[in-house]
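To keep things clear, I will list the structure first and then write my remarks on it.
Just so it is clear, the model here is predicted, and its values are computed rather than measured. Here is how names work: the chains are called A, B, and so on, in the same order as the sequence lines, proteins then strands, and each is numbered from 1.
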Amino acid sequence: MQVLYFAWVRERIGVPREEVETSAATVADLVEELSAREERYAVAFADRAALRVAVDQTLTDFDASLDGAREVAFFPPMTGG
Amino acid sequence: MQVLYFAWVRERIGVPREEVETSAATVADLVEELSAREERYAVAFADRAALRVAVDQTLTDFDASLDGAREVAFFPPMTGG
Amino acid sequence: MRIVVQDAPFDLGEEAGRFAQADAGVGAVVTFTGIVRNTAAGDLKAMEIEHYPGMTEAALTEIAERAQTRWSLSDVLVIHRHGHLTPGEMIMMVATAAPHRADAFAAAEYLMDYLKSRAPFWKREITADGAAWVDAKDEDEAALDRW
Amino acid sequence: MRIVVQDAPFDLGEEAGRFAQADAGVGAVVTFTGIVRNTAAGDLKAMEIEHYPGMTEAALTEIAERAQTRWSLSDVLVIHRHGHLTPGEMIMMVATAAPHRADAFAAAEYLMDYLKSRAPFWKREITADGAAWVDAKDEDEAALDRW
């Protein structure tokens, strides 16, 4: 699964995207799995209220299923316009 | 006193402006005085709810005093924009 | 602040571009442009706009000044044409510049609502059937209640 | 409908002028333009805008389509830049065309409110002190409640 990071999430994790082998069922499961792997994920994902998530380029929440998902992205609240 | 007419008020009265000799104290008095003079004024001023008035280029109402006024204008509700 | 009343056409692109060359405090620019819309039957030949020279400029200036008092604005522009216009021609525009978008939007809507019902312009539609003065709409008068 | 995401500058005047060359049913055109505003201290060197290629276009298209469902609109334009911008440069614009002004205004404000909080752009301010991500504002999220 492709996992993408933007803005300060990207900076904390250190890469803009990576291929992740996972059997996580939901976004929350993936966050826990990554956070357990390495400190930089734990730091980036520490405050979930400050995070937004998209699965296959559609905004969703941490309860979302990853069944069939090809691309998951984590980022802070948007600040466009 | 200069009296000005716009839009269909102008068309009904037949002139865009005229000098009127009057001692009317208020706009309402002037309307009555003109309406009594000639039918075309009575027709133009028949429905006051459909009329707006400006004294010296400031929107006001029929109760307004004409004391010191140099210019009175009658017209329908505005339709700019 | 710039208030223009003219019979000549104006160039929206040029006006909007120039207006938005703003000082460093401006973060938001809103423009509104009114265009001569054809009738439902598509038979509009022309629109004629009468105005009250002298009072028109004073009324527009007063409306713009009130907007500047009410919202935090960097600049205001109002252009309104009079005379003979054809379908598709631009009648008028307002533009507002502000540090923040909420002020720019609110002020532009306020300018339009007051301009519609309080600035001395009168429209007449010319069709194959002749000429007819455009009636003021109750909803335009009602729109003022929100301010 | 036209949705553009680009790093190159755009010409507000040209875009607004072209957009308003509308069909005969259009009576009202509203544009909003966002400009890089300097900091209170006046020390902003640049603003960098990151985005999520692919999702950005999809999100903007969905927002514009929802606006078209909700209001009677003739056309919608959204242009948003990314990359490196300097103070005074235009970040983005939206434009709406409609038969009536209330629809054009409401749709433009709706587009801006959703674009601010739901389209994947992130701003970073570069000053003498370094680079800092711009925080999302509670008031921008709250603005969505009115729709």
Side-chain angles (χ1 to χ4, degrees), chain C residues 10-40 42-44 47 74 86-102 104-106 108-113 115-116 137 139-140 142-143 146, chain D residues 10-40 42-44 47 74 86-102 104-106 108-113 115-116 137 139-140 142-143 146:
Chain C
F10 62 90
D11 184 320
L12 167 63
E14 197 177 297
E15 296 292 347
R18 191 193 315 166
F19 184 80
Q21 300 307 317
D23 65 76
V26 171
V29 171
V30 169
T31 71
F32 175 89
T33 310
I35 296 170
V36 179
R37 194 157 50 92
N38 213 323
T39 55
D43 65 346
L44 186 70
M47 175 168 279
S74 310
T86 53
E89 275 196 89
M90 293 177 194
I91 303 171
M92 50 74 60
M93 70 175 288
V94 304
T96 55
H100 302 288
R101 81 182 186 285
F105 269 123
E109 294 198 57
Y110 174 96
L111 288 171
M112 283 309 303
D113 283 352
L115 187 155
K116 278 256 168 196
K137 288 184 204 147
E139 67 198 63
D140 284 334
R146 60 174 164 159
Chain D
F10 63 90
D11 184 321
L12 167 63
E14 198 176 296
E15 297 291 347
R18 192 192 316 165
F19 183 79
Q21 300 306 319
D23 64 75
V26 172
V29 171
V30 169
T31 71
F32 175 90
T33 309
I35 296 170
V36 179
R37 195 157 49 95
N38 213 323
T39 56
D43 65 346
L44 186 70
M47 175 168 280
S74 310
T86 53
E89 276 196 88
M90 292 178 194
I91 303 171
M92 48 75 59
M93 70 174 288
V94 304
T96 54
H100 301 289
R101 82 181 185 285
F105 269 123
E109 294 200 57
Y110 175 96
L111 288 170
M112 283 309 303
D113 284 352
L115 187 156
K116 278 257 167 194
K137 288 184 203 145
E139 67 198 62
D140 283 334
R146 59 173 163 160

Most chain D-contacting option - heavy-atom pairs closer than 4.5 Å, from [options]:
| options | answer |
| --- | --- |
| C/Met112, C/Glu109, C/Glu14 | C/Glu109 |
| C/Thr39, C/Ile91, C/Thr31 | C/Thr31 |
| C/Ala102, C/Gly42, C/Ala40, C/Ala28 | C/Ala28 |

Task: Heavy-atom pair of closest approach, residues C/Ala16 and D/Leu12 - done: O-CD2, 3.6 Å
Task: Considering all heavy atoms, the nearest C/Ala20-D/Met90 contact - done: CB-CE, 3.6 Å
TODO: Could you grab the distance from atom CD1 of D/Ile35 to atom CD of C/Gln21, nearest 0.5 Å is fine?
DONE: 8.0 Å
Open item on the list: Does any backbone or side-chain atom of C/Ala95 lie under 4.5 Å from a heavy atom of chain D? Answer side chain, backbone, both or neither.
Closed with: neither
Task: Heavy-atom contact with chain D under 4.5 Å, split by part of C/Asp113 - done: both
Open item on the list: Checking the side chain of C/Arg101 only, and the main-chain atoms of D/Gly34 only, is there a donor and an acceptor separated by less than 3.5 Å?
Closed with: no
TODO: Answer with side chain, backbone, both or neither: which region of D/Met93 has an atom nearer than 4.5 Å to a non-hydrogen atom of chain C?
DONE: neither
Task: chain C contact via D/Ala104 - which portion, at a heavy-atom distance below 4.5 Å - done: neither
